[in-house]
A.B. asks: 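Take this structure, written in structure tokens, and hold onto it; I'll ask about it next.
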There are 2 protein chains.
Amino acid sequence: MKFTEAQLEFIQLWGNFGSQWGINKTMAQVHALLLTSEDALSTDDIMESLAISRGGANVNLRELMVWNLVYKTAKPGDRKEFFVAEKDIWEVAKRITRERQRREIEPLMHHLNRLKNVDEADPQSLNFVKTITDIERLVGRMNKTSDTVMKMEENAFFGSIIRLLK
Amino acid sequence: MKFTEAQLEFIQLWGNFGSQWGINKTMAQVHALLLTSEDALSTDDIMESLAISRGGANVNLRELMVWNLVYKTAKPGDRKEFFVAEKDIWEVAKRITRERQRREIEPLMHHLNRLKNVDEADPQSLNFVKTITDIERLVGRMNKTSDTVMKMEENAFFGSIIRLLK
DNA sequence: TAAAACTTTCAGTAATTACTGAAAATAAAA
DNA sequence: TTTTATTTTCAGTAATTACTGAAAGTTTTA
């Protein structure tokens with residue numbers, strides 16, 4: 001399998017995977033392209049590779065920068081902006097986790113907590129508050145856990161303990 | 001806050017949260033409705049509560065049953081089917097995880113593995129294979145590790161060790 | 001300061017996704 | 001078996017999401 005062929009397939013794969021997890025397909029494709037490109041790419045390079053418009057390329061690149069997955073760089077003697085992706089996959093995972101936590105989990109937790117102020121006189125409230133509390137606990141825990149997992153995997157001692165349990 | 005008010009708000013919240021994570025919004029809403037209903041509900045109950053069509057209710061209920069999050073029950077003297085949700089949130093989380101793993105992670109891993117057969121003569125393949133391998137390792141590990149850590153969180157001894165790291 | 005090079009914005013529109021509603025299928029009752 | 005109750009299916013369509021392309025904005029060069 002030729003490199004360019006494999007790269008294109010990876011871009012499709014990552015795009016589809018991303019959209020199944022609520023991440024914009026094109027954004028995931030731009031990310032995949034940059035992840036698998038040695039050199040920094042310009043907006044025009046990306047437009048050409050993915051056959052997307054200038055607007056689309058620009059918006060998705062800037063969004064990737066908000067997520068801290070892509071950086072701007074400059075090439076001497078060239079006026080254009082060039083883009084590179086963070087290549088350390090652990091860092092990528094951590095930053096995606098961090099961003100989703102900030103955008104989605106925190107507001108969710110806040111809303112859930114508010115919903116516990118339900119009128120306790122209603123007999124149905126008992127089950128309701130239990131469900132909400134359980135979800136809160138679960139989400140809170142999973143949140144911490146993903147963090148913990150990352151830290152532990154990075155730590156030789158705990159990493160080896162975890163591996164024993166698998 | 002009245003119960004019905006809180007329940008409706010929860011249904012909206014869960015629907016939005018679901019759709020941000022690639023889960024059909026209506027399916028998440030039906031799930032939320034059943035999670036917060038003491039009694040089993042009929043298709044008509046659900047159509048009315050969520051203001052959706054019979055077709056939509058039916059399709060989403062059956063999908064929830066495929067995910068193992070909802071069961072059919074019967075009421076004596078009633079010909080209709082009634083539905084209840086699994087109320088143990090831990091079970092809910094495990095089943096969602098299991099289903100997504102089966103549908104998405106496994107195919108992803110398979111595709112990634114295939115992409116490692118890239119022509120090694122191309123100098124760009126080196127970075128490519130490393131990226132693919134890193135992603136494979138990360139996804140595989142997160143999969144196993146989240147399971148392990150969730151179990152450990154429930155375990156007094158390891159739980160306390162983990163808490164030291166947070 | 002003006003022209004050129006490049007980036008950003010956004011109204012209009014394309015693509016995707018999932019719902020509606022009615023007809024067909026199935027199951028239960030008479 | 002026929003009638004009635006209920007569930008399932010799916011073509012058409014609505015809703016959502018995100019892209020296009022051109023104009024406006026910005027920065028650099030001369």
Side-chain angles (χ1 to χ4, degrees), chain A residues 11-34 40-67 70-84 100 103-104, chain B residues 11-34 40-67 70-84 100 103-104:
Chain A
I11 289 169
Q12 293 308 317
L13 184 65
W14 207 234
N16 292 334
F17 188 70
S19 65
Q20 279 177 321
W21 287 80
I23 285 164
N24 178 298
K25 180 171 185 158
T26 306
M27 176 170 144
Q29 289 182 332
V30 174
H31 188 218
L33 174 64
L34 288 170
L41 302 181
S42 68
T43 299
D44 291 86
D45 295 332
I46 291 163
M47 287 167 63
E48 195 188 328
S49 295
L50 303 179
I52 61 174
S53 71
R54 189 170 300 282
N58 185 270
V59 167
N60 284 298
L61 280 166
R62 278 179 311 119
E63 188 67 5
L64 283 164
M65 289 190 290
V66 170
W67 284 67
V70 164
Y71 316 108
K72 272 185 193 169
T73 63
K75 279 195 186 176
D78 203 323
R79 215 148 123 181
K80 284 195 192 111
E81 293 175 334
F82 289 81
F83 301 89
V84 285
R100 297 205 87 154
R103 295 187 180 202
E104 295 151 13
Chain B
I11 288 168
Q12 294 308 318
L13 184 65
W14 206 234
N16 292 336
F17 188 68
S19 66
Q20 280 177 319
W21 286 81
I23 285 164
N24 178 298
K25 179 170 186 160
T26 306
M27 174 171 146
Q29 288 182 332
V30 173
H31 187 218
L33 174 63
L34 288 169
L41 301 182
S42 69
T43 299
D44 291 86
D45 296 332
I46 291 162
M47 287 167 63
E48 196 188 329
S49 295
L50 303 179
I52 61 174
S53 71
R54 190 169 300 284
N58 185 269
V59 166
N60 286 297
L61 281 166
R62 280 179 308 119
E63 188 66 6
L64 283 164
M65 289 190 290
V66 170
W67 284 66
V70 164
Y71 315 108
K72 271 186 195 168
T73 63
K75 278 194 186 176
D78 203 323
R79 213 146 123 182
K80 283 193 192 114
E81 292 174 333
F82 289 81
F83 301 90
V84 284
R100 297 206 88 154
R103 296 186 179 201
E104 295 150 13

A.B. asks: I need the single residue from A/Val84, A/Asp45, A/Leu61 that forms a side-chain contact (heavy atoms from CB on, under 4.5 Å) with A/Leu34. Which is it?
C.D. replies: A/Leu61
A.B. asks: Does A/Lys72 have any salt bridge (charged side-chain N to carboxylate O under 4.0 Å, His left out) partners at least two apart in sequence or in another chain, and if so, which?
C.D. replies: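 A/Lys72 satisfies salt bridge (charged side-chain N to carboxylate O under 4.0 Å, His left out) with A/Glu81 only.
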A.B. asks: Rounded to whole Å, please give me the gap between CE in A/Met65 and C1' in C/dT8.
C.D. replies: 11 Å
A.B. asks: Please state how far atom CG in A/Asn16 lies from atom C1' in C/dT17, giving the value in whole angstrom units.
C.D. replies: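 Distance, rounded to whole Å: 14 Å.
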A.B. asks: Is there any protein nitrogen or oxygen under 3.5 Å from a nitrogen or oxygen in nucleotides 6-10 of chain D, and what are the pairs?
C.D. replies:
| unit_1 | atom_1 | unit_2 | atom_2 | d |
| --- | --- | --- | --- | --- |
| D/dT7 | OP1 | B/Glu81 | N | 2.8 |
| D/dT8 | OP2 | B/Asn58 | ND2 | 2.3 |
| D/dT9 | OP2 | B/Arg62 | NH1 | 2.9 |
| D/dT9 | OP2 | B/Arg62 | NH2 | 3.0 |

A.B. asks: Can you name the salt bridge (charged side-chain N to carboxylate O under 4.0 Å, His left out) partners of A/Arg79, sequence neighbours left out?
C.D. replies: none
A.B. asks: Whole angstrom is fine here: how far is it from CE in A/Met47 over to C1' in C/dC6?
C.D. replies: 12 Å
A.B. asks: Which residues pass the salt bridge (charged side-chain N to carboxylate O under 4.0 Å, His left out) test with B/Glu48, not counting sequence neighbours?
C.D. replies: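 Result, salt bridge (charged side-chain N to carboxylate O under 4.0 Å, His left out) vs B/Glu48: none returned.
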A.B. asks: Going by the rule side chain to side chain contact (heavy atoms under 4.5 Å, CB included), which residues pair with A/Gln12 if we only count those two or more places apart in sequence or in a different chain?
C.D. replies: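 Applying side chain to side chain contact (heavy atoms under 4.5 Å, CB included) to A/Gln12 gives A/Gln29.
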A.B. asks: Could you pull out all residues at least two apart from B/Lys75 that satisfy salt bridge (charged side-chain N to carboxylate O under 4.0 Å, His left out)?
C.D. replies: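 Testing B/Lys75 for salt bridge (charged side-chain N to carboxylate O under 4.0 Å, His left out), a comparison that skips the adjacent residues, returns none.
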A.B. asks: Could you state the atom-to-atom distance from CD1 of A/Ile46 to P of C/dT8 in whole Å?
C.D. replies: 12 Å
A.B. asks: Using whole Å, what does the distance between atom P of nucleotide D/dA18 and atom CG of A/Leu64 come to?
C.D. replies: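 After rounding, the gap between these two atoms is 13 Å.
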A.B. asks: What nucleic acid atoms does B/Ala51 come within less than 4.0 Å of, heavy atoms only: base, sugar-phosphate, or nothing?
C.D. replies: sugar-phosphate
A.B. asks: Could you identify which residues of residues 23-30 of chain B place a heavy atom less than 4.0 Å from some atom of DNA chain C, listed by residue number, or say none?
C.D. replies: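 B/Asn24, B/Thr26 - these, ordered by number, are the residues of the stretch whose heavy atoms sit under 4.0 Å from the strand.
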A.B. asks: To the nearest angstrom, how far is A/Leu50 atom CG from D/dA18 atom C1'?
C.D. replies: 15 Å
A.B. asks: Who are the side chain to side chain contact (heavy atoms under 4.5 Å, CB included) partners of A/Thr26, not counting sequence neighbours?
C.D. replies: A/Asn24, A/Val30, A/Ile52, A/Asn60
A.B. asks: Measure from NZ or CZ of B/Arg100 to the centre of the six-membered ring of B/Trp67, then state whether that distance is under 6.0 Å and the direction lies within 45° of the axis.
C.D. replies: no
A.B. asks: Strictly by salt bridge (charged side-chain N to carboxylate O under 4.0 Å, His left out), give each pair with a member in residues 50-66 of chain B just once, sequence neighbours left out.
C.D. replies: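 For residues 50-66 of chain B, and leaving out neighbouring residues, the salt bridge (charged side-chain N to carboxylate O under 4.0 Å, His left out) pairs sorted by first residue read B/Asp44-B/Arg54, B/Glu63-B/Arg103.
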A.B. asks: In whole angstrom, what separates A/Leu61's CG from C/dC6's C1'?
C.D. replies: 14 Å
